[in-house]
Amino acid sequence: MTADRHQSETERPIANPQIDPNNDTKPTPNADSPRGPIVIHGVVVEPEFAEAFDMTATAIIITAIDRYWLDRAAAAMTGFGTSVIGCKIEIAIDHYLEPSQTPDRRVGVRILAFANDHQTLDKNIAARIAQCVLTCPTAAAYAGIDPTDQARQKQIAMGKSVRYFGDGYQISKKIDGRHYWRIPVMDGEFICQHTTASTAGIGGGNFFIIAGSSASACLAAKAAVESIDQIPDVVTPFPGGTTRSGTKIGSKYGGLLASTNHAFCPTLRGMDFSLLCDDEHSVLEIVIDGLTSQAVAAAMRAGIVAACQSVGFDGGLRRISAGNYGGKLGKHHFHLHEILR
Amino acid sequence: MTHWILTAKSTARVDDRYHEIGRLDASGIDPQKIRQPSDLAGVVMRTDSSPIAVGELFDIESIEATEDIVTIHPGPHLLDRIGAAADRQRAGIRGGTIHICGNAGDLLGHRMRRGQIIVDGNVAAHCGAAMIAGTILVAGTVGPAPMDAARRGTFITSRKPSLPPRCFTRGVSVDAVFASILARGLPGGPSRNLIEKIIQNGAVTSRGDQSVGGKAEILWPNQSS
């Protein structure tokens with residue numbers, strides 16, 4: 001996700017943030033600023049904000065005979081879905097489901113998908129269902145947001161589109177008010193709900209993990225994403241929930257929508273405008289998409305606290321910041337200090 | 001959406017005609033065409049002797065529901081043509097559920113178009129004949145010529161029915177994942193038990209009626225599991 005910060009040199013972080021002497025696990029206000037900086041395990045959380053955008057979202061439930069095939073279907077379905085910049089949609093696993101939580105009593109997974117508009121989401125979900133779930137042995141696909149909910153009028157095609165693969169042998173069933181398709185395939189039949197509903201979503205919640213080394217940054221990011229995974233209704237679509245290639249808007253090359261966020265690239269320090277201190281050598285960005293602003297905020301909080309607690313200043317984590325565009329592009333502003341307080 | 005519950009009146013409460021009635025034609029009972037109790041009470045069930053209305057034979061209750069359902073607790077007389085196409089109608093029921101808490105007569109689901117018919121007991125002859133689509137589930141035994149000339153639709157029964165040769169494909173074992181979805185909307189009882197058996201043991205499926213180019217399916221529990 002993008003992170004074009006409009007910070008002046010005077011706003012650059014201090015090189016050696018104050019360490020909380022108590023090493024408290026809770027965010028600790030400090031008297032140095034009006035409401036005080038927040039320091040967690042010695043790691044300063046900057047008074048920055050993440051700028052996020054309205055998106056169109058949907059949810060799909062995939063089930064399969066066992067966890068092995070479920071993971072294969074989910075991996076295929078969510079593959080190449082990290083950013084709308086290049087993948088059209090952002091898609092990832094929300095959480096796994098017990099057999100008692102799925103329509104067909106098998107193990108399942110809830111997947112969330114986000115796009116800039118309904119049409120793009122509709123087209124890409126149908127294609128992914130057809131190529132990634134229909135093809136996977138024993139897998140089935142169901143709506144993750146109830147399409148019969150009167151409040152959600154817009155539908156995303158699933159079986160509505162894939163049914164034609166049945167070449168006339170497909171069977172339509174309406175059960176308990178919901179519409180399913182049974183499509184004959186070589187291992188039996190593929191069951192797919194007619195549609196899932198779309199809803200308003202938020203894309204681009206984020207925070208930066210700024211560390212003294214790649215090892216420290218990776219450890220902190222891993223802890224952050226594991227913690228975010230426990231929060232419902234959010235996903236972190238990048239590899240391992242993390243991206244090292246944070247972007248700024250535009251490029252010196254025409255036609256490129258985004259390019260490397262050079263202000264946070266440690267190897268460019270000294271060559272160009274930099275937002276990194278001398279002891280900061282690795283930055284990872286956690287990008288969060290969610291169904292509600294509350295869910296995104298909860299995920300950011302969980303991730304930041306987990307990153308700081310797991311690594312801390314002593315472990316090489318230096319700062320937590322966030323990416324924004326000066327607040328001019330996205331209407332959702334997640335202020336790190338507000339979230340943590 | 002309404003759940004209508006028809007309970008046969010005790011013989012003591014109806015007139016002498018009740019005892020003279022042969023079999024009743026229930027094709028007028030369509031879950032999606034009932035808006036108020038009088039719609040249902042006024043449905044005429046033609047008989048061999050004289051017409052008689054639903055309201056004369058059944059007590060009618062209604063409760064709010066998530067779909068249109070008619071539950072029938074039949075009396076001693078068999079209801080023929082449940083969910084079937086009525087006179088001068090091209091198709092039977094087009095949606096909703098009819099649940100028979102007992103036995104049913106001939107031509108159940110004849111030319112039904114959509115929806116579900118669930119029978120906790122046995123059915124007589126020509127069940128699902130000329131069926132266009134929908135689902136029929138019979139927990140008990142099935143009379144002669146089920147799914148005769150059926151085009152599409154699903155017929156689930158407790159054991160392999162007697163089918164005319166060359167009209168239906170040989171039975172093939174399948175994992176009936178679909179049955180788990182079907183079970184969600186079913187009330188407890190014999191029909192639910194049948195579906196649970198299929199979920200547990202898998203099913204055998206046969207397709208037809210090929211004499212009319214039909215692609216309907218008949219499912220019964222896989223006994224070999």
Side-chain angles (χ1 to χ4, degrees), chain A residues 61-66 69-70 73 97-108 133-134 136-144 146-150 158-159 163 166-194 196, chain B residues 1 3 31-32 65-69 93-97 112-116 118 131-137 150-156 169 172-187 195-196 198-200 202-205 207-208 213-219 222:
Chain A
I61 291 171
I62 296 175
T63 65
I65 193 170
D66 58 28
W69 291 111
L70 179 66
L97 300 164
E98 296 296 322
S100 61
Q101 299 172 300
T102 65
D104 61 19
R105 302 186 193 175
R106 304 187 300 172
V107 286
V133 189
L134 166 69
C136 181
T138 76
Y142 305 100
D146 189 356
T148 63
D149 185 347
Q150 295 299 316
M158 293 171 62
R163 64 177 153 150
D167 197 26
Y169 295 99
Q170 68 272 26
I171 297 171
S172 166
K173 287 290 169 201
K174 272 196 175 172
I175 299 166
D176 211 12
R178 294 174 178 83
H179 190 182
Y180 302 90
W181 289 96
R182 299 167 54 201
I183 301 164
V185 285
M186 295 195 302
D187 78 341
E189 61 184 13
F190 170 55
I191 298 174
C192 189
Q193 202 161 339
H194 188 61
T196 183
Chain B
M1 306 283 188
H3 183 175
Q32 294 197 313
T66 53
E67 62 170 336
D68 291 317
I69 307 172
I93 59 169
R94 293 170 184 273
T97 297
M112 71 180 281
R113 183 73 184 83
R114 270 190 289 273
Q116 287 186 111
I118 300 161
M131 189 176 178
I132 301 165
T135 304
I136 296 174
L137 200 158
R151 299 279 180 174
R152 279 183 175 267
T154 303
F155 175 47
I156 302 170
T169 61
V172 177
S173 294
V174 292
D175 284 333
V177 175
F178 156 69
S180 301
I181 302 167
L182 194 62
R184 296 174 74 200
L186 287 179
I195 287 295
E196 294 294 343
I198 286 176
I199 293 168
Q200 204 157 16
V204 179
T205 182
R207 295 291 187 105
K215 296 171 184 170
E217 64 174 349
I218 302 177
L219 285 159
N222 193 344

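Per chain, numbering begins at 1; letters A, B, ... match sequence-line order. Note: hydrogens, waters and symmetry copies are ignored here, and every other heavy atom, side chains too, is used.
Of the listed residues (B:Arg152, B:Gln116, B:Met1), the greatest number of heavy-atom pairs within a distance under 4.5 Å of chain A belongs to B:Arg152. For the set A:Ile65, A:Thr63, A:Ile171, the entry with the most heavy-atom pairs within less than 4.5 Å of chain B is A:Ile171.
At least one donor-acceptor pair under 3.5 Å links the side chain of A:Lys173 to the backbone N or O of B:Gly134.
When the side-chain contact (heavy atoms from CB on, under 4.5 Å) test is applied to B:Thr66, the partners found at least two apart in sequence or on another chain are A:Asp176.
For A:Gln170, the part lying under 4.5 angstrom from a heavy atom of chain B is the backbone only. No part of B:Arg114 comes within reach of chain A, as not one of its non-hydrogen atoms sits under 4.5 angstrom from that chain. Heavy atoms closer than 4.5 Å to chain A are found nowhere in B:Ile69, neither backbone nor side chain.
In this structure, the side chains of A:Ile175 and B:Phe178 come closer than 4.5 Å at one or more pairs of heavy atoms. Using a 4.5 Å heavy-atom cutoff, the side chains of A:Arg182 and B:Thr154 are in contact.
Residues of residues 99-108 of chain A lying within less than 4.5 angstrom of chain B, judged on heavy atoms, are A:Pro103, A:Asp104, A:Arg105, A:Arg106 in numerical order.
A:Tyr142 and B:Val177 get closest at one heavy-atom pair: OH-CG1, 4.1 Å.
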